[in-house]
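What follows is one structure encoded as structure tokens, with my remarks underneath.
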There are 2 protein chains.
Amino acid sequence: MISSIAELIADRIGSMPAGERRAAQTLIANYPMIGLKTVAEFSAAAGVSSPTILRFVARLGFQNYPEFQSSLQDELAAQLQSPATRTLNPPSPGGGTVSPMLEATLDNMRETFRHLSDKQLADIAARLADRRGKTFLIGGRFTDPLARYMAAHLAIIQPDVFHLAGQESMWRDRLIDMGKRDVLVIFDIRRYQDSLLRFAEKAHQRGVQIVLFTDQWLSPIARFARHVIAGRTAVPSAWDSSAALFVVAETLIGAVTRQLEAEGAKRIREMESLR
Amino acid sequence: MISSIAELIADRIGSMPAGERRAAQTLIANYPMIGLKTVAEFSAAAGVSSPTILRFVARLGFQNYPEFQSSLQDELAAQLQSPATRTLNPPSPGGGTVSPMLEATLDNMRETFRHLSDKQLADIAARLADRRGKTFLIGGRFTDPLARYMAAHLAIIQPDVFHLAGQESMWRDRLIDMGKRDVLVIFDIRRYQDSLLRFAEKAHQRGVQIVLFTDQWLSPIARFARHVIAGRTAVPSAWDSSAALFVVAETLIGAVTRQLEAEGAKRIREMESLR
DNA sequence: GGAGCGCTGTATCGTATGTTACGTATTTTG
DNA sequence: CAAAATACGTAACATACGATACAGCGCTCC
């Protein structure tokens, strides 16, 4: 079973003429970066002519050079996606059905935060902490609980936090309360919901700043969003995982809380005394 | 100090016009592969025109698109050389408000699962998959969203799944529907809610099997619970983290789904066709 | 409410890139 | 050793890619 181009080369390098063999060797030596460059660069690095490079990739079974490059890119992308699979089969003792799921989830989180800069989070937190406007939160079929979770916390440390629940017509009526200074936090992962898209578009038209929590394939709402948080959702299960987004949400809650510490603390004390 | 293009983007994304920001977001979401493809593909993925992509890379300080791609390739090559330096986000200098939170959360999950045997999870999953009885879910102030999340998933793969919402008197009235064969999933972390305790006790008296999600200090409801899942909740924040419990919930959802695969798949197909 | 600026997409252009044809060199085989 | 086949590079070609000019539009700021 041959899965990577490197293996394919190792398999056929024996039956190659001298020039193509040099091409193969240089590719293996700097795998796979040389293959992503132009034919001219590749040929120069290998010390052969361009046609030799093309004959080489043709011998590997590719129709043309771009196809060969795409294949290399896909391979690279797959590698980058799952850091766990980088080290061939992690030890994973126990071998139960739990470990893979947990490992994948932990990877998702690391990966999600790797693509998320402190600055970006700080920006969003600052926007959420800005008390001049209102904050609305809404989610999709499975992600609405995340919106609720976030709303429950934010509502404690600042006023004017609203979770949009119920039917679509209900939200729409709330649009009238939304303006430039307000923020709309939307959770939307596959399969993206049309109702949310429609709502986001209308809110965007009213100048509402949208913060979008979505998966790595980006909900179409990204088009209207001021800030986009792309979380990894793939796990070995029938369902997608929202755990990474959940952790991002918690992180944001923490950041906002810290920013509003002074006012927030006072507010919390007041609330406690109201019980 | 900016070393990677991702940082560069994070740094300037705030001062970008809408179109270019969309380009930036799609690049970050699928970093860095999209950037290695052609301008046409990149622009299509981002939903903008080619010139916008070019203006985007120009704003990042590159003379032209190939130069931008070379830079990405160099970065990738360096990454592949030393997997240790894979960190896209530098060790979070100064503030470091994010990393500690994430690290603590990851630790919490590992700890939580360390104290959780596969068998225990399997038992709970089996109980939840047992379709002879009904399943009720409820949570506390901050954890109710977790109950909703779990309910949303379970309700798809099996009938008779109910999330208990609204006021306390509402739940109490549902007690009459509960019996020995039924399961009640409760989420309760500090500060434990009296209302939930009262409810759990009454349900217990009726012979309902209780599955409790709580923190490591154990809600008093543990006294009535058949199964107790104790998750770590401590993070460097003003709030406790429910992330570990969230992941356990997802894991359980996955396990139950697997057990009900045959019936569940049929059910899901039926549901899809109802749309 | 009007003028100015900045952003974005369409259409066009030049060029770098991959591709192919062909002639020469090198090896193989009878 | 001769003749044929294969391999390799040079040079011309076509395509597709990135770059640019320009016009329409929305937005902000007087």
Side-chain angles (χ1 to χ4, degrees), chain A residues 5 9 12-27 32-73 179-182 201-210 220 222-226, chain B residues 5 9 12-27 32-73:
Chain A
I5 296 181
I9 293 172
R12 305 196 185 173
I13 197 172
S15 58
M16 285 184 188
E20 298 179 29
R21 194 171 317 142
R22 293 182 62 185
Q25 282 161 348
T26 40
L27 176 55
M33 298 316 293
I34 287 277
L36 297 178
K37 301 190 185 293
T38 67
V39 175
E41 288 180 272
F42 192 169
S43 66
V48 297
S49 67
S50 320
T52 301
I53 298 296
L54 295 175
R55 281 189 282 264
F56 163 66
V57 303
R59 191 181 297 264
L60 291 179
F62 296 99
Q63 293 300 320
N64 48 31
Y65 195 71
E67 184 181 307
F68 163 72
Q69 287 190 318
S70 295
S71 199
L72 275 180
Q73 283 193 11
K180 285 192 224 303
R181 305 172 130 178
D182 302 326
E201 182 169 11
K202 294 205 185 78
H204 175 67
Q205 283 168 358
R206 295 186 63 88
V208 179
Q209 290 211 9
I210 294 178
R223 169 185 209 85
F224 308 116
R226 184 81 174 72
Chain B
I5 296 181
I9 293 172
R12 307 199 182 170
I13 196 172
S15 59
M16 285 183 188
E20 300 177 29
R21 194 162 48 230
R22 285 170 61 191
Q25 284 159 347
T26 43
L27 176 57
M33 297 316 292
I34 289 274
L36 297 178
K37 299 189 188 294
T38 67
V39 175
E41 288 179 274
F42 190 169
S43 67
V48 297
S49 67
S50 320
T52 299
I53 297 296
L54 296 174
R55 280 188 284 263
F56 163 67
V57 304
R59 191 180 298 263
L60 291 180
F62 297 98
Q63 292 302 321
N64 48 31
Y65 196 71
E67 183 181 309
F68 162 72
Q69 287 190 318
S70 295
S71 199
L72 274 181
Q73 284 192 11

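The structure presented is a predicted model; accordingly, all values stated were derived computationally and were not measured. Lettering of chains follows the sequences in order, A, B, ..., and the numbering in each one begins at 1.
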Provide a list of protein-nucleic acid N or O atom pairs under 3.5 angstrom, restricted to nucleotides 4-7 of chain C.
none

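Where DNA chain D meets chain B (any atom under 4.0 Å from a heavy atom), the bounding nucleotides read 5' to 3' are D:dC17 to D:dT20.
Atom P of nucleotide C:dT17 and atom NZ of B:K37 are separated by 19 Å, given to the nearest angstrom. Atom C1' of nucleotide C:dA16 and atom CZ of A:F42 are separated by 19 Å, given to the nearest angstrom. The separation between A:L54 atom CG and C:dG18 atom C1' is 6 Å, rounded to whole Å. One atom, OH of B:Y65, and another, P of C:dT17, lie 14 Å apart when rounded to the nearest Å.
The two residues A:L54 and A:V57 have their closest heavy-atom pair at O-CG2, 3.2 Å. The two atoms that bring A:A46 and A:I53 nearest to each other are CB-CD1, 4.5 Å, heavy atoms only. Considering all non-hydrogen atoms of both residues, B:I34 and B:A45 come closest at CD1-CB, 3.9 Å.
Between B:F42 and B:F56, the angle of the ring planes goes over 60°, which puts this pair in the perpendicular group of the 30/60° scheme.
Remark on DNA chain D: of its neighbouring residues A:K180 and A:R22, the 5'-side contact belongs to A:R22, judged by nearest-heavy-atom nucleotide.
No donor-acceptor pair under 3.5 Å is formed between the side chain of A:R55 and the backbone N or O of A:E20. A donor-acceptor pair under 3.5 Å is absent between the side-chain atoms of B:S71 and the main chain of B:E67, judged by distance alone. In terms of modelled atom types and a separation under 3.5 Å, the side chain of B:R59 and the main chain of B:M16 share no donor-acceptor contact.
Applying the side-chain hydrogen bond (donor to acceptor under 3.5 Å, both in side chains) rule to pairs touching residues 35-45 of chain A yields A:K37-B:Q73, A:T38-A:E41, sequence neighbours excluded.
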